[in-house]
Amino acid sequence: MFEVRVGGLVFESDPRSFDSAFVVEPEGLTGWYDGPGTRGASVDRPMAHGAFDLPVFRGVRVVTVSGNIIASSEFELVKLRDSLTGLLADGELGVLTVADSGGAQHVSVRLSGDPKFSPHPSGLEGAFQVAFKAVDPRKYGEQHSFEGSTVQVHHYGNFTASPVIEVVGPRAAYTVSGPDGRAVQVTQALAAGQSHRIDFLKGRVYRNGSLQFGVLSEANFWTLPPGKRTSMSISSGSMTVHVDDTYM
């Protein structure tokens, strides 16, 4: 059993109520439990066998939900239909969460294509289909936080994760060090009451929530492999490292 939540709507494989529900049909959730496709260049070796070994990357994740809307009245069915066709309709970014026996995971999505609705002659139900596109194909689960001057960071996903570091002032310039000699050097000092948030996925630094420019003298970011502890340290004071369980 599972449920899908996005934009205030709940799609259920086993509905709590049959008076008003979006019921996902068997095999009606696609693109979630599968891995997204791969993409990469293929360049043949001239005058030799095979091709050059080039990186392969994962494509966007497209999640499709289909099933039936059931309602206790024709008026209620129309309300549910309008909720479906208005879902993320103005192009805004939403969060799609799937909760099942393994826990809850989420992705950021936008609407993909047109939501479809086909009413049943009874006026009390109708078939639906709606699709979402996640340009970041990673699925994120529970967040873990580690605080100190040196921390052993880990997560329980199956894909490399990108940490977010929080540093609170007052603080002079500092360096965050990681595996294989990698380092992030921040040249901007912090006054009392100020804080930095270093987002390793985006490669950006924010002070009190505002994006900063030209504050890194070294930006050799790293990722955290699944199932392994990674040591991270800061040159002065302490830091808090946040990392989400990350899945593909």
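Taken together through direct or relayed side-chain contacts under 4.5 Å among Ile, Leu, Val, Met, Phe, Trp and Tyr, Val130 and Leu80 form part of one hydrophobic cluster. Cluster annotation: Phe22 and Phe132 are assigned to the same hydrophobic cluster (Ile/Leu/Val/Met/Phe/Trp/Tyr, side-chain heavy-atom contacts under 4.5 Å, transitive). In terms of hydrophobic clustering, with Ile, Leu, Val, Met, Phe, Trp and Tyr side chains grouped at heavy-atom distances under 4.5 Å, Val164 and Val167 are assigned to different clusters. In the hydrophobic clustering of this structure, Leu9 groups with Phe2; members are Ile, Leu, Val, Met, Phe, Trp, Tyr whose side-chain heavy atoms approach within less than 4.5 Å, directly or through other members. At a threshold of 4.5 Å between side-chain heavy atoms, the hydrophobic network of Ile, Leu, Val, Met, Phe, Trp and Tyr places Ile198 and Val151 in one connected group.
Heavy atoms only, all atoms of each residue included: Leu77 and Ala71 are closest at N-CB, 3.5 Å. Glu12 approaches Ala21 most closely through the heavy-atom pair OE1-CB, 4.2 Å. What you find for Ser145 and Thr240 is that their closest heavy atoms are CB-CG2, 4.3 Å. Considering all non-hydrogen atoms of both residues, Phe128 and Val65 come closest at CE1-O, 3.6 Å. The heavy-atom pair separating Ser13 from Val23 by the smallest distance is O-CG1, 4.5 Å. Minimum heavy-atom separation, Ala41 to Leu54: O-CD1, 3.7 Å.
Distance alone, capped at 3.5 Å, places no donor-acceptor pair between the Asp180 side chain and the Arg182 backbone. In this structure, the side chain of Gln194 engages the main chain of Ala191 through a donor-acceptor pair within 3.5 Å. Put simply, the side chain of Asp199 never gets that close to the backbone of Val205: no donor and acceptor are under 3.5 Å apart.
One distance of note links CZ of Arg5 with OG1 of Thr97; it measures 8.5 Å at 0.5 Å rounding. Rounded to the nearest 0.5 Å, atoms CG (Leu111) and NZ (Lys133) are 10.0 Å apart. Interatomic distance, His155 NE2 to His242 NE2, rounded to the nearest 0.5 Å: 16.0 Å. Within the model, atoms OG1 of Thr246 and CD of Gln105 stand 9.5 Å from one another, a figure rounded to the nearest 0.5 Å. Leu124 contributes atom CG, which lies 12.5 Å from atom CG of Asn68 (distance to the nearest 0.5 angstrom). Here OG of Ser108 is found 12.5 Å from CZ of Arg61. Values are rounded to the nearest 0.5 Å.
Phe200 places none of its side-chain heavy atoms less than 4.5 Å from the side chain of Val243. With contacts defined as side-chain heavy-atom distances shorter than 4.5 Å, the pair Leu88/Arg110 does not qualify. Side-chain atoms of Gln212 and Ser210, non-hydrogen and from C-beta on, do get closer than 4.5 Å to each other. Using a 4.5 Å heavy-atom cutoff, the side chains of Phe52 and Pro46 are in contact. The shortest side-chain heavy-atom distance between Ser101 and Met1 does not fall under the 4.5 Å cut-off. Val107 is listed as a side-chain neighbour of Trp32, based on a closest heavy-atom distance under 4.5 Å. Contact annotation: the side chain of Val215 never approaches that of His196 to less than 4.5 Å [non-hydrogen atoms, C-beta and beyond]. At least one side-chain heavy atom of Glu3 sits less than 4.5 Å from a side-chain heavy atom of Arg16.
Of the N and O atoms on the side chains of Ser217 and Gln185, at least one donor lies less than 3.5 Å from an acceptor on the other residue. Checking Gln129 against Thr64 by side-chain atom types alone, no donor-acceptor pair falls below 3.5 Å.
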Tell me, with the steps shown, if Ser233 and Val176 meet side-chain contact (heavy atoms from CB on, under 4.5 Å).
CA-CA 6 Å; Ser233 61; Val176 178; over 6 Å; no
Decide yes or no on side-chain contact (heavy atoms from CB on, under 4.5 Å) for Thr38 and Arg58, but give the supporting numbers first.
CA-CA 4 Å; Thr38 59; Arg58 307 309 291 260; 3.7 Å; yes
What do the steps show when you test Val98 against Lys139 for side-chain contact (heavy atoms from CB on, under 4.5 Å), and what is the final call?
CA-CA 10 Å; Val98 176; Lys139 300 186 289 187; over 6 Å; no
Quick one, Ser66 with Glu25, criterion side chain to side chain donor-acceptor pair (under 3.5 Å). Give me CA distance, side-chain angles, the key distance, then yes/no.
CA-CA 6 Å; Ser66 59; Glu25 64 188 1; 3.0 Å; yes
Would Phe221 and Leu216 satisfy side-chain contact (heavy atoms from CB on, under 4.5 Å), going step by step from the backbone distance to the final call?
CA-CA 11 Å; Phe221 296 100; Leu216 295 176; 4.0 Å; yes
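Ring geometry for Tyr140 versus His106: interplanar angle of 30 to 60°, hence tilted. A tilted orientation is assigned to the rings of His144 and Phe146, their planes being inclined by 30° to 60°.
More than 12 heavy atoms of other residues, nucleotides or ligands sit less than 6.0 Å from atom CZ of Phe117.
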